[in-house]
Amino acid sequence: MVRYLIKKISYAFLVLISVIVLISSIIYLSPVDPAQLTFGQRQDIATVESKKKALGLDQPLYIQLALYLNDVSPISIHHNTPSNATKYNYLRLLPLGKKVLVLKVPHLRESFQSGKPVIHILKTAIPRTAILALTAIILALIVGVVLGVLAALNQNTWLDNLAVVVSVLGYSLPSYVTAMILGFVFAYYLGDYTHLNIKGGLTELNDMGDEVIVWKNLLLPTLALGIRPIGIITQLTRSAMLDVLKQDYIRTAKAKGLGKWTVNFRHALRNALNPVATATTGWFASLLAGAFFVEFVFSYNGLGLETINALKTYDLPVVLGTVIFVALAFSIINIVVDFLYVLLDPRIRLTTA
Amino acid sequence: MPTFMEQAKKNSSKLLEVIDLETHFHTEEGVVKAVNKINFTLYRGETIGIVGESGSGKSVTSLSIMQLIQSPPGKIVGGKILYYPENQASPIDLLTLNDKSMQQYRGNEIAMIFQEPMTSLNPVFKCGSQVIEAIMLHQKVNKAEAKQRTLELFERVKLPDPERIYNAYPHQISGGQKQRVMIAMALSCNPSILIADEPTTALDVTVQKRILELMDELKKKIQAAVIFITHDLGVIAEIADRVLVMFKGQIVEQGMVREIFTTPQHPYTKGLLACRPPLDYRMSKLPTVSDFMDIEYIDDHFKIKEKIIPKGSLIENFKVTPEATQQRLQQLQTQKPILEVKNLNTWFPMKKNFFGKPTAYLKAVDDVSFKVYPGETLGLVGESGCGKTTLGRTILRLIPAHSGEVIFNGHHLFELSDKALKNIRKEMQIIFQDPYASLNPRMTIGNAILEPMNVHRILDNRKQRIEKVMELLEIVNLEAKHFNRYPHEFSGGQRQRICIARALALNPKFIICDESVSALDVSVQAQVLNLLIRLREQFQFTYIFISHDLSVVKFISDRMIVMNKGKIEEIGTADEIYNHPQKAYTQKLISAIPNPTF
């Protein structure tokens, strides 16, 4: 078990490093100069060059990468200066001449554009996206399992066919298309009745300049984001349920004289939910990432909108920060899924084969 | 024959009466009359056995009584199932009950044990909770009381350490133990009828023996009537009082077990009894059901025509004298061995250290050495998990060996390059157990047989290869016109013959039959065994015949090896081992074979 965990964590570590290298290289190799973009229309070469130097963008790629990784790594080596001490807020571990080996909170640098620390940007954006993804997955789970079970128990009836058609439609539509359709219908055409906004974040500034939570802005993004997982969970529940209902132990349960309800729900659904639960957890990770487009369409002020805006201006630290977070979330959730398998199915034990 | 008085007494204690029961299945090919107007009566305290081959309707009969037929496609279309409750004058027709009322009978009055203990328990619930569920449902007791009863039941079905089993998940206990849990579950509400549908078929013979002993003991204690369904006549003889023989949805013969075995009336029963491999003498081939009868189909009916056989001649004609056996053995062993296995080990890693280096092994094949002579059939027998299948596959290099040598026709197989191995593989073929899984459903059987010939470039062109396939089909008693048909159009026995034809396509010298007849009905098994013997005579094949069934191995083999826990327990001529087993394990194996003597 411990070996298994160590192996998985080292994989996750490799994934994170590869993601950082890949994203940095793409931005480095692109013809656009991020330093230039921090100024508006007016700029002169000298200021841009000095800005470039300040941001470290004049260095070759491998040095930029090494410095960034050193900043992000919780255990790193820095010049032992008072300014570094306040910048990184580190704990000295081992002095190495002029330098020092330190333990610190990962330093994600500051936005090129706003100069705000990336960590602060993440701290405000992540909860908004997490709430969106969570409500979407809960919605998908409830609707999907109910539809799936109904379809399986009424196989080959109109109900079953309807559920299948709806779910195929659901997962065939990309989420940004659904988002646009939903926004157009419910916030634009029916906006007078629904009072929903076509654009709006979870938090907005009110007239007094305070930040308030606007729950109704969560509704349409949740629907748009949830429709694909609804389709998939419906299909998954339906086929798992049909498969389980054919098993010998269901016949045993019936032979015991158990009623329909106990057989279908206690004995069958409990088994059918194993693949559903693990798939759903896996989907949660992709929803965190998939929210990007939906957030963009609704201007929902979460992680996705932040990333897309950062991409427009080649704001490398912000892009890297969000991507690192998503990659980390994926890795952690994947490990959680593996443990969930063990928890749900007593037959499975974790081994590294 | 029971006396008149006995009969009269029995009539007064009828328990279940099945009248004109008809169960149909609606399939794409039309209506299948799985159970076609059958009549029988079950009396209190008796055990009736229902025998028949797959598709005879025996399981459908039991599921019809429980009303557990999957619908669609199945449906009970006619008849009555009368249940006579104790102290109640009039019987109840179970077929008129709605599902809700039927639930009161299921598990409570009529309990059932199924064939597959491996899959019949719900994998996500502990064994104990699956039993108390039934008790709490029907007996209206609280959980503590139900647990107490469950532990008592586990004690009664002789499960070791009931408390541990109570808290174990099904995958944590052995197949035999699972079947005991199933039996405990079935007995939990003191049913008056216990239906056991092939309860021992999936188990090893030694485990089967213990389960049968347990059931025999229990049925005396519990006073329940038992309906015991099996394809194995040997098992029926050990447990049943009365036997019903089913064939294509009908009961063709019923009577006391002794009558059925000593003076069978119906040609099908006669055939079924005769086609089992005999244990006390050697035969050159087995009689088959078709030696006893012909079936004539008229529309959806069939008529059985008995063939006239000169008395006793069938078996007598096929008998082989011990002298002839001796002569054949001597003649075989004067030759140079075609296959030599020296100190072969196949180990599977069980535990690995941090760097993935194995630290403990499961020794599936543990220091095994033997020789096989050209034209010989070497039987390999043992219980599940003894390493017989692994041994067969290691010889063919389908599984890598840990150490040891295999020399085939002078070639050291483990030292050959992949290319050289491919050439040798032509001469060594394997026929697997499951004829359903080993044929690609989307490939016509002709192409399936053609494929290995294309790979190995046997013959010059496609035309010649196709001709060869047609020839092979005829060799295995199929027809050339079957070339373009798909596997689903064939029965299990036919499919196994197709697999044999495919193995023959490369003109092999040496064939490993891995449980090749285990999934087949006895009558079909006899046909396939006869075919293997004919091919051995015709083409001088050498076989390694792997099976868990000692009677089949004894029938076909010249010499045999008994394997246990990866090691060779005993090796010798088939008769020697059967008649004078030296090791305790072999003796246990032989004594566990159900062998009715009347």
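Being a predicted model, the structure only gives us computed values, none of them experimental. Numbers restart at 1 for each chain; the letters A, B, ... are given by sequence-line order, proteins then strands.
By the side chain to side chain donor-acceptor pair (under 3.5 Å) test, B:Gln130 is found to be paired with no residue, residues two or more places apart in sequence or in another chain being considered.
The neighbour count for B:Lys100 NZ, taken as heavy atoms of other residues, nucleotides or ligands under 6.0 Å away, does not exceed 12. Within 6.0 Å of atom OH in A:Tyr11, 12 or fewer heavy atoms from other residues, nucleotides or ligands are found, so the atom counts as exposed in its surroundings. Within a 6.0 Å sphere centred on CZ of A:Phe13, heavy atoms belonging to other residues, nucleotides or ligands number 12 at most. More than 12 heavy-atom neighbours from other residues, nucleotides or ligands sit within 6.0 angstrom of CG on A:Leu328.
Closest heavy-atom contact between B:Arg106 and A:Lys254: CD-O, 3.1 Å. Scanning both residues, A:Gly259 and B:Gln103, for their nearest heavy atoms gives CA-OE1, 3.3 Å. Listed here is the closest heavy atom pair of B:His138 and A:Gly257: NE2-CA, 4.0 Å.
Between the CD1 atom in B:Ile113 and the OG1 atom in A:Thr252 there is a gap of 11.0 Å [rounded to 0.5 Å]. A:Arg270 CZ to B:Phe125 CZ: the interatomic distance, rounded to the nearest 0.5 Å, is 6.0 Å. Between atom CZ of residue A:Arg251 and atom CG of residue B:Asp197 there is a gap of 7.0 Å, rounded to the nearest 0.5 Å.
For B:Ala111, no part sits under 4.5 Å from any heavy atom of chain A, backbone or side chain. Proximity to chain A is limited to the side chain of B:Met182, based on heavy atoms less than 4.5 angstrom apart. In this structure, the portion of A:Asn274 lying under 4.5 Å from any heavy atom of chain B is its side chain and not its backbone. Looking at B:Leu137, only its side chain comes within 4.5 Å of chain A, counting heavy atoms on both sides.
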**Study point:** Candidate pair A:His267 and B:Val124, rule side chain to side chain contact (heavy atoms under 4.5 Å, CB included), full reasoning
**Key:** CA-CA 9 Å; A:His267 282 265; B:Val124 300; over 6 Å; no
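Proximity of a side-chain donor or acceptor of B:Ser120 to a complementary backbone N or O of A:Asp248 within less than 3.5 Å is not detected.
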